[in-house]
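In each ligand, atom 1 is the first atom listed, and ligand 1 is the first ligand listed.
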Amino acid sequence: MKRFLILLFTLPISFSLFSQNPDFTKYNNEISQIQNNIKYFQIKKVNEQFYMLVGGGGNVGVFVSDNDVILVDNKYEIIEDILMSSLREITDKPIKYIINTHFHHDHSDGNRAFGKKGIPIISHQNAKKRMMEDAELYGGILEFIKDFVQPKYEKNELPVITYDSKMTLTEGNEEIELYNFGSAHTDGDSVVVFKNHNIIHTGDAFVRYGYPYVDLNNGGSIKGLIDLLSSLELLCDDKTIIMPGHGDLSNREDVTKLKKSLLKLYNKTLIGLKDGLDYQEISESIDETLYNNETVKLNYIKSIDLELSRKKL
Ligand SMILES: [Zn+2]
């Protein structure tokens, strides 16, 4: 009975209230801010065939193949013209398809522009599912994300090709592998590997602004994120170039550093919770130096506790 009551009071009520009255204020504010402030992207050349477009949303990976261009992510609908003019500085070749690393608006809202034009979009099957409904994001370490609702995508803005755990695409001299390692940043993340060029776009599963934001409302998992970073390490050698979801080009060592730091925080949190410590006491037991930000640390501890209690339900 107790279990039933918990389920009744936590899941269905909040869901039904939200679905009747989604509040897009925060989403709309962000879109206007992007529209007003973003005038250009920085184009980072990785090699003759690879570029990264930086600024106004997640990093976009550009692969220039023999006859076409493949994009990884597409930022916001509202700045599609800036994306296109940046792309035209690189090449005149047409976009053959776009891969979405996950469903979050700052990476995939360009679907609302490009999908309509008939450019095929590829994603993990769960990313597509999330795009089909209004999605309330988890606050977590990003306070401004609390109560943020991302509107659903229209049918012609959705991915047309999806996969389950792995997919391989051949493009000129390149093999492109898409991996989903289960729940991590969300439950529909794709790690995109350009095998022959030894370049990996990680989406938001790996970022350079600190500990990655994990969307617990949309299938994300901190434990899963740590596991994903371990799998990512195995896909790399010491020459692999990593395009993170946000931040500068990185390498395997950066991934290892983040993984070790997160794992330490995770294990200390498990021990602390078992010993009945409160969040503040657990935080004090972690002498973390990689990202020494007390608020982020406390938020992670709280999120780990939330993730564990949801598992018990
Ligand atoms: Zn994201």
Side-chain angles (χ1 to χ4, degrees), residues 26-27 30-31 33-34 38 52-61 71-79 83 98-112 121-153 157-159 178-192 200-222 224-229 232 242-248 250 255 258 262 291 296 299-300 303 307:
K26 286 201 169 181
Y27 173 85
E30 183 173 325
I31 299 301
Q33 247 190 2
I34 290 289
I38 302 299
M52 185 165 87
L53 305 182
V54 182
N59 289 330
V60 168
L71 298 186
V72 182
D73 285 345
N74 53 23
K75 300 184 190 272
Y76 296 90
E77 175 187 17
I78 207 77
I79 46 175
L83 200 153
I98 300 172
I99 299 167
N100 290 154
T101 58
H102 62 295
F103 85 97
H104 284 152
H105 60 290
D106 55 329
H107 295 259
S108 298
D109 251 18
N111 287 8
R112 302 182 199 269
I121 295 162
I122 301 173
S123 79
H124 184 260
Q125 59 194 20
N126 292 342
K128 179 178 180 178
K129 268 190 212 155
R130 298 283 176 196
M131 288 176 204
M132 291 167 76
E133 303 286 342
D134 298 333
E136 184 170 351
L137 311 188
Y138 175 66
I141 58 168
L142 303 176
E143 271 305 308
F144 68 91
I145 290 285
K146 201 172 173 293
D147 301 323
F148 187 109
V149 185
Q150 175 178 325
K152 65 180 174 190
Y153 293 61
E157 303 163 354
L158 289 168
L178 277 66
Y179 290 89
N180 173 270
F181 294 111
S183 286
H185 175 63
T186 66
D187 61 1
D189 305 324
S190 291
V191 169
V192 186
I200 302 180
H201 195 309
T202 61
D204 281 351
F206 175 74
V207 293
R208 295 307 300 274
Y209 58 69
Y211 287 145
Y213 160 73
V214 175
D215 191 349
L216 294 190
N217 277 8
N218 292 288
S221 157
I222 293 173
L225 183 83
I226 297 169
D227 293 342
L228 181 147
L229 293 174
L232 177 59
I242 294 185
M243 292 186 181
H246 299 267
D248 289 341
S250 307
V255 174
L258 176 66
L262 277 176
Y291 299 114
V296 169
N299 254 310
Y300 250 75
S303 298
E307 189 178 322

All side-chain hydrogen bond (donor to acceptor under 3.5 Å, both in side chains) counterparts of Ser221, not counting sequence neighbours = Glu307
Centroid-to-centroid, His246 to Tyr213, below 6.0 Å?
-> no
What orientation do His104 and His102 show, parallel under 30°, tilted 30 to 60°, or perpendicular over 60°?
-> perpendicular
Quick one: angle Asp204 OD2 - the Zn ion (ligand 1) - His102 NE2, to the nearest 10°?
-> 100°
Which atom of His185 is nearest the Zn ion (ligand 1), counting N, O or S only? It is NE2
Atom nearest to the Zn ion (ligand 1) - His104, N, O or S atoms considered = ND1
For Asp147, enumerate each residue passing the salt bridge (charged side-chain N to carboxylate O under 4.0 Å, His left out) test, keeping only those at least two apart in sequence or located in another chain.
-> none
